[in-house]
There are 2 protein chains.
Amino acid sequence: MSPLLKTVLRFGLIILALLILFQLTNASLFIPSISADFVIGIAAIILIALGVYLGKAVRKEKVVEVKPSSVIDEERILSLGISPRELEVLQLISEGLSNQEIGEKLFVSESTIKTHISNLFVKLDVKRRTQAVIRANEWRIIP
Amino acid sequence: MSPLLKTVLRFGLIILALLILFQLTNASLFIPSISADFVIGIAAIILIALGVYLGKAVRKEKVVEVKPSSVIDEERILSLGISPRELEVLQLISEGLSNQEIGEKLFVSESTIKTHISNLFVKLDVKRRTQAVIRANEWRIIP
DNA sequence: TGTATTTTGGTACTAAAGTATGAATAGGTT
DNA sequence: AACCTATTCATACTTTAGTACCAAAATACA
């Protein structure tokens, strides 16, 4: 079932329940055998439960749409002067590839990769590729 | 304010509000100038809002206590036959240290670290330290 | 068109990382 | 005591990684 249809259905049911509840309350007030306080108490409990359910449903959908967690910090990439190609290399380092493997994947020589990496290390202020991966995750410059 | 005191205070206020609401409803039913339906409607809205608030408050505390996210998979560590010392080395690799730095931190020679790492690579089925870090995070064997 | 940046690649090193093998020691188990 | 595992370390090597320096294209830009 689509989320929209689900929501519409849910709210329809809730409104229906409310109407029935109101009619019941009105009717019961004129039947002496049942205490008015009792009916009102039951109605209050049902309404509070309805509120809890409603809040839960709304929040559940909110969590789903407020999900974007791994957002890349483009500004920092620019401020560090990291080029697109360097970023690509950094990404592959973080996936555990060797310099030779990165070169093959990008169709360039290993020398080129080494150059990119050396430049990256300066920009990231690190000495090793393991540290580069840690930094890249710290400043959110890789996914 | 302590969490317990906060909760007690909160529920006290809620009960008080309910009592007032009930009295109000009862009283209003005998005042002809205000429609009973209107009073009931207002009461219903307040009660639903109360339910939403209540649900939110309860869930908030639940989230706090269901916090433990990064749990180490001890079973897998045992099944892979990874020793405590090897695990320690793996942890330091994941922090970006070199073999020499790890040796200094653990007061052993670099040779020893290399031995540990070689054994680790076999157990983790990887070829490089960057891959080892990835694996260690995949199987939750480091924090 | 000229200039700046990016991308590419080479050479020549130095430094780490990783492998293979063997071996000594300490601690716990049977 | 004999046995096993974890830990330690060394030597000798091979392979990657990383640095320094230079330089040619390609691309972007004004």
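All values reported here derive from a predicted model rather than from experimental measurement. Scope of the values below: all heavy atoms of this structure, side chains included, with no hydrogens, waters or symmetry mates.
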Task: Earlier contact from the 5' end, DNA chain D, for B/L106 and A/S98 - done: B/L106
TODO: Among D/dA10, C/dG10, C/dT8, find the nucleotide with the atom closest to the side chain of A/R85.
DONE: C/dT8
- [ ] Would you tell me if any nitrogen or oxygen in the side chain of A/S118 comes within less than 4.0 Å of OP1 or OP2 on D/dG18?
- [x] no
- [ ] Would you tell me if any nitrogen or oxygen in the side chain of A/N99 comes within less than 4.0 Å of OP1 or OP2 on D/dA17?
- [x] yes
TODO: Ignoring the backbone of A/S83, work out which of C/dG18, C/dT7, D/dA6 is nearest its side chain.
DONE: C/dT7
TODO: Could you state the atom-to-atom distance from CG of A/N119 to P of C/dT7 in whole Å?
DONE: 10 Å
TODO: State the CD1-CD distance between A/I142 and A/Q91, to the nearest 0.5 angstrom.
DONE: 6.0 Å
- [ ] Inspect the contact between A/E138 and A/R76 and indicate whether a charged nitrogen and a carboxylate oxygen are less than 4.0 angstrom apart.
- [x] no
Task: Most 5' of B/R128 and B/K123 on DNA chain D, judged by nearest nucleotide - done: B/K123
Open item on the list: With side chain to side chain donor-acceptor pair (under 3.5 Å) as the criterion, how do A/T115 and A/S118 come out once you've worked through the C-alpha distance, each side chain's angles and the decisive distance to 0.1 Å?
Closed with: CA-CA 5 Å; A/T115 306; A/S118 273; over 6 Å; no
Task: Given C/dT7, D/dT7, C/dT19, the nucleotide with the shortest approach to the side chain of B/K114 - done: C/dT19
Task: Residue B/R129, side-chain atoms from C-beta onward, closest of D/dT7, C/dT19, C/dA17 - done: C/dA17
Open item on the list: Could you tell me how far apart A/L124 (CG) and D/dG18 (C1') are, to the nearest whole angstrom?
Closed with: 15 Å
TODO: Can you tell me the distance, in whole Å, between the CD atom of A/E101 and the C1' atom of D/dA17?
DONE: 13 Å
TODO: In whole angstrom, give the distance that lies between atom CG of B/L120 and atom P of C/dT19.
DONE: 11 Å
TODO: Flag the pair A/E75 and A/R140 as a salt bridge only when some basic side-chain nitrogen lies within less than 4.0 angstrom of an acidic carboxylate oxygen.
DONE: no
TODO: Could you please name the option among C/dA17, C/dG9, D/dT7 that lies closest to any side-chain atom of A/T112?
DONE: C/dG9
- [ ] Starting from P on C/dT5, measure out to CD1 on A/I82 and report it in whole angstrom.
- [x] 17 Å
Task: Rounded distance in Å - CD1 (B/I113) to P (D/dA6) - done: 16 Å
Open item on the list: Counting only side-chain heavy atoms from C-beta out, which of D/dT8, C/dG10, C/dT8 sits nearest to A/S109?
Closed with: C/dG10
Open item on the list: Heavy atoms from C-beta onward define the side chain here; which of D/dA10, D/dT7, C/dA17 lies closest to that of B/T115?
Closed with: D/dA10
Task: Nearest atoms (heavy-atom pairs only) where B/R129 meets B/I93 - done: CB-CG2, 3.9 Å
- [ ] Can you tell me the distance, in whole Å, between the CG atom of B/L78 and the C1' atom of D/dA6?
- [x] 14 Å
Open item on the list: Using OP1 and OP2 only, check whether a side-chain N or O of A/H116 sits under 4.0 Å from C/dT8.
Closed with: yes
Task: Interatomic distance where CD belongs to A/E88 and C1' belongs to C/dT7 [whole Å] - done: 11 Å
